[in-house]
Novice: 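Structure below; questions to follow.
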Amino acid sequence: MLFAMHIFVNVVQLQGWAEGNLMLLAGTAWYVFISIWDVGLILNLRFFREIASWKRTIPWLMTFLFACYFYVGVFAEIHKIMQGETWKDSTQEIYFAYILWLNTPTAIISTIYLIMLPFKTHDLSITH
């Protein structure tokens with residue numbers, strides 16, 4: 001369902017990734033990559049278990065940075081609204097809120113990876 005939402009927004013609403021916008025294409029590539037890694041982790045697939053630990057940890061670190069960006073942005077928007085401002089006060093705020101909306105499916109999938117990797121592997125263990 002999240003994948004369908006992501007594709008619908010990029011193909012229909014943005015008319016084909018805004019006619020080839022590299023940021024949007026990179027966002028879709030990251031979404032597909034992290035989704036595949038989530039499936040490998042959740043289903044405990046053999047090929048995923050055999051990958052070197054550092055190759056699972058690097059995407060985890062990238063996902064951590066992305067999640068920090070996303071959730072700080074969401075909390076900033078909530079804070080603004082609680083202060084009586086809106087996300088429509090300037091062009092920059094509209095753009096930022098829209099980017100957050102576009103990244104919502106990716107944030108959900110990334111959060112799953114952030115949570116599941118430490119539980120399914122010992123990649124982040126200090127004593128390992």
Side-chain angles (χ1 to χ4, degrees):
M1 185 162 138
L2 289 173
F3 184 72
M5 179 188 150
H6 181 85
I7 295 300
F8 173 77
V9 167
N10 281 291
V11 172
V12 176
Q13 292 181 336
L14 293 176
Q15 300 166 348
W17 286 269
E19 298 177 6
N21 181 297
L22 290 178
M23 283 289 287
L24 296 175
L25 289 169
T28 297
W30 175 252
Y31 178 81
V32 170
F33 171 78
I34 204 65
S35 296
I36 291 168
W37 282 68
D38 270 351
V39 169
L41 184 64
I42 291 168
L43 298 178
N44 205 21
L45 299 177
R46 184 175 179 207
F47 80 90
F48 191 78
R49 287 190 320 252
E50 292 174 354
I51 294 174
S53 175
W54 68 271
K55 290 181 181 178
R56 288 188 300 258
T57 304
I58 289 175
W60 188 89
L61 291 171
M62 293 170 61
T63 300
F64 178 76
L65 293 174
F66 171 78
C68 287
Y69 161 78
F70 181 81
Y71 290 115
V72 166
V74 168
F75 291 129
E77 292 295 328
I78 291 170
H79 179 70
K80 270 195 276 188
I81 290 169
M82 293 179 80
Q83 298 296 323
E85 300 175 30
T86 70
W87 56 269
K88 299 183 276 185
D89 290 340
S90 71
T91 304
Q92 290 173 330
E93 290 173 355
I94 293 170
Y95 176 75
F96 185 68
Y98 189 63
I99 292 298
L100 287 176
W101 167 247
L102 287 177
N103 285 320
T104 299
T106 308
I108 293 168
I109 297 297
S110 295
T111 302
I112 293 169
Y113 189 70
L114 282 176
I115 294 168
M116 294 298 292
L117 187 72
F119 287 111
K120 292 278 192 166
T121 69
H122 295 290
D123 292 345
L124 302 175
S125 175
I126 297 172
T127 60
H128 179 71

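Side-chain atoms are counted along with the backbone in the values below, which use heavy atoms only and exclude waters and symmetry mates. Model, not experiment: these values are computed from the prediction.
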Novice: With rounding to the nearest 0.5 Å, note down the distance linking CD1 in I108 to CD1 in I34.
Specialist: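 Taking CD1 in I108 and CD1 in I34, the distance rounds to 14.0 Å.
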Novice: Given a cutoff of under 4.5 Å between side-chain heavy atoms of I, L, V, M, F, W and Y, with clusters grown through shared members, what are the other residues clustered with I115?
Specialist: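 Direct or chained contacts put I115 with F119.
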Novice: Show me the pairs that pass side chain to side chain donor-acceptor pair (under 3.5 Å) and involve residues 35-48, at least two apart or across chains.
Specialist: R46-E50
Novice: I'd like to check the side chain to side chain donor-acceptor pair (under 3.5 Å) partners of D89; sequence neighbours left out, ordered by chain and number.
Specialist: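 If we apply the side chain to side chain donor-acceptor pair (under 3.5 Å) test to D89, skipping adjacent residues, the hits are T86.
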Novice: Under 4.5 Å between side-chain heavy atoms, counting indirect links through other Ile/Leu/Val/Met/Phe/Trp/Tyr residues: same cluster for Y98 and I81 or not?
Specialist: no
Novice: Enter the distance from T104:OG1 to I99:CD1 here, rounded to the nearest 0.5 Å.
Specialist: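 Interatomic distance, T104 OG1 to I99 CD1, rounded to 0.5 Å: 11.0 Å.
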Novice: For T121, enumerate each residue passing the side chain to side chain donor-acceptor pair (under 3.5 Å) test, keeping only those at least two apart in sequence or located in another chain.
Specialist: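 Per chain and number, T121 pairs via side chain to side chain donor-acceptor pair (under 3.5 Å) with D123.
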Novice: To the nearest 0.5 Å, tell me how far F33 CZ sits from W30 CH2.
Specialist: 5.5 Å
Novice: List the atom pairs, donor and acceptor, that lie under 3.5 Å between side-chain atoms in residues 59-78 and the rest of the protein, sequence neighbours left out.
Specialist:
from: W60; atom 1: NE1; to: L114; atom 2: O; distance (Å): 3.1
from: T63; atom 1: OG1; to: P59; atom 2: O; distance (Å): 2.7
from: Y71; atom 1: OH; to: T111; atom 2: OG1; distance (Å): 2.6
from: E77; atom 1: OE2; to: K80; atom 2: NZ; distance (Å): 3.2

Novice: Measure from the side-chain N and O atoms of R56 to the backbone N and O of I51, and report whether any donor-acceptor pair falls under 3.5 Å.
Specialist: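 Present.
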Novice: Can you sort out the partners of A29 under side chain to side chain contact (heavy atoms under 4.5 Å, CB included), two or more places apart, ordered by chain and number?
Specialist: none
Novice: Just wondering, do Y113 and I109 contact through their side chains at under 4.5 Å, heavy atoms?
Specialist: no
